[in-house]
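Worth knowing before you read on, the calculation uses all heavy atoms, side chains too, and leaves out hydrogens, waters and symmetry mates. The structure presented is a predicted model; accordingly, all values stated were derived computationally and were not measured. The residues of the chain are indexed from 1 along the displayed sequence.
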Amino acid sequence: MRLTYLRPLPVISLVVVGSALAGCGSTAAPAPPAAVTTTAPAPAESNPAGDIPDHQAYVTYRSGAGGFSLKVPEGWSRTDAAGGDVSFTDKLNRIALHTATAAAPATVQSVNAAVVPELRRQVPGFAAGKTTTVARPAGNAVLLTYRGDAPVDPVTGKAVHDSFERYAFFHAGHETVLTLSGPVGADNVDPWRTVTDSLRWQ
């Protein structure tokens, strides 16, 4: 018998060299994007309806009939009525002045007894606040605070609920009533103090 020996085939080893592959068109992984820091915009300042701006300018109004002067916000509309009454308005705020002869200064008791019932009949949604005596440069005044509905807006058909400050001053046989009003929630403490502090007798 003839024996045939099969010679083993040579083993071919494949060595993959990373550097070789790197030179054969492969690309490195892209670097991660740089972190982007964003700053949220500051929220816009939102003032309640009726807030009088802090930078509001004032002009002096002089009343010949009432014998006094008063600072009022510049640019407000002025309306004159019979008897020397006058009012100044801008959007939702109002300053009203009424002068009449009087035998004696108003008191907390007289305002509560006579003025409050009258306002309750005249002002829709009337709600009385406090009646106190306050000191101002022009002298003491009886201050009545209350709330009520402003006249209905002819465009929107709605009425704004207002806060009122009614000051009754007395000088030389005359009572001057200064009423300030604006929407409930408006912060007009400083402007209203500027107006009431500015009253001067002529």
Could you check whether any side-chain heavy atom of [X] comes within less than 4.5 Å of a side-chain heavy atom of [Y], counting everything from C-beta outward?
| X | Y | answer |
| --- | --- | --- |
| Trp201 | Thr176 | yes |
| Thr79 | Val86 | no |
| Trp76 | Gln56 | yes |
| Pro137 | Arg200 | yes |

Going by the rule side-chain contact (heavy atoms from CB on, under 4.5 Å), which residues pair with Tyr167 if we only count those two or more places apart in sequence or in a different chain?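 Only Val134, Arg136, Ala141, Leu143, Glu165, Phe169, Leu178, Leu180, Thr196 meet the side-chain contact (heavy atoms from CB on, under 4.5 Å) criterion with Tyr167.
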So, for [X] and [Y], which heavy atoms are closest and what is the spacing to 0.1 Å?
| X | Y | result |
| --- | --- | --- |
| Leu199 | Phe68 | CD1-CD1, 3.5 Å |
| Leu70 | Ser198 | CD1-OG, 3.6 Å |
| Val160 | Pro183 | CG1-CB, 3.8 Å |
| Gly84 | Ala65 | CA-CB, 4.3 Å |
| Tyr146 | Ala128 | CB-CA, 4.0 Å |
| Ala168 | Ala106 | CB-CB, 4.1 Å |

Quick one: CZ on Arg147 to OG on Ser163, what's the gap to the nearest 0.5 Å?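 Between atom CZ of Arg147 and atom OG of Ser163 there are 4.5 Å.
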With rounding to the nearest 0.5 angstrom, report the OG to NE2 distance, Ser87 to His98.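 Nearest 0.5 Å value for the OG-NE2 distance: 13.0 Å.
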Residue pairs passing the salt bridge (Lys or Arg N to Asp or Glu O under 4.0 Å) test with at least one member in residues 106-132, sequence neighbours excluded, are none
By the salt bridge (Lys or Arg N to Asp or Glu O under 4.0 Å) test, which pairs, at least two apart or in different chains, include something from residues 72-86? Arg78-Asp80
Single-linkage hydrophobic cluster, 4.5 Å side-chain cutoff, Ile95 and Val177 together: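 Different clusters.
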Tell me whether Phe164 is reachable from Leu97 by hopping between hydrophobic residues (I, L, V, M, F, W, Y) whose side-chain heavy atoms are closer than 4.5 Å.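 Each belongs to a different hydrophobic cluster.
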Under the 3.5 angstrom rule, does the side chain of [X] hit a backbone N or O of [Y] as a donor-acceptor pair?
| X | Y | result |
| --- | --- | --- |
| Asp162 | Val184 | no |
| His174 | Ala172 | yes |
| Ser69 | Arg62 | no |
| Asp90 | Asn93 | no |

Polar contact flag, side-chain donor to acceptor under 3.5 angstrom, Thr133-Asn140: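 Asn140 and Thr133 do not have a side-chain donor-acceptor pair below 3.5 Å.
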Please walk me through it: do Lys71 and Val195 pass side chain to side chain contact (heavy atoms under 4.5 Å, CB included)? CA-CA 6 Å; Lys71 287 184 178 179; Val195 173; 5.8 Å; no
Which of these passes side chain to side chain contact (heavy atoms under 4.5 Å, CB included) with Trp192: Thr194, Asp190, Val189, Asn188?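 Single pass found, and it is Asn188.
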Criterion side chain to side chain contact (heavy atoms under 4.5 Å, CB included) against Leu144, the qualifying member of Thr179, Val108, Leu119: Leu119
Under the side chain to side chain contact (heavy atoms under 4.5 Å, CB included) rule, what do Phe126 and Asp149 come out as? Steps first, then yes or no, please. CA-CA 7 Å; Phe126 176 83; Asp149 294 338; over 6 Å; no
Could you tell me how the ring of Phe88 sits relative to the ring of Tyr61: parallel (under 30°), tilted (30 to 60°) or perpendicular (over 60°)?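 Perpendicular.
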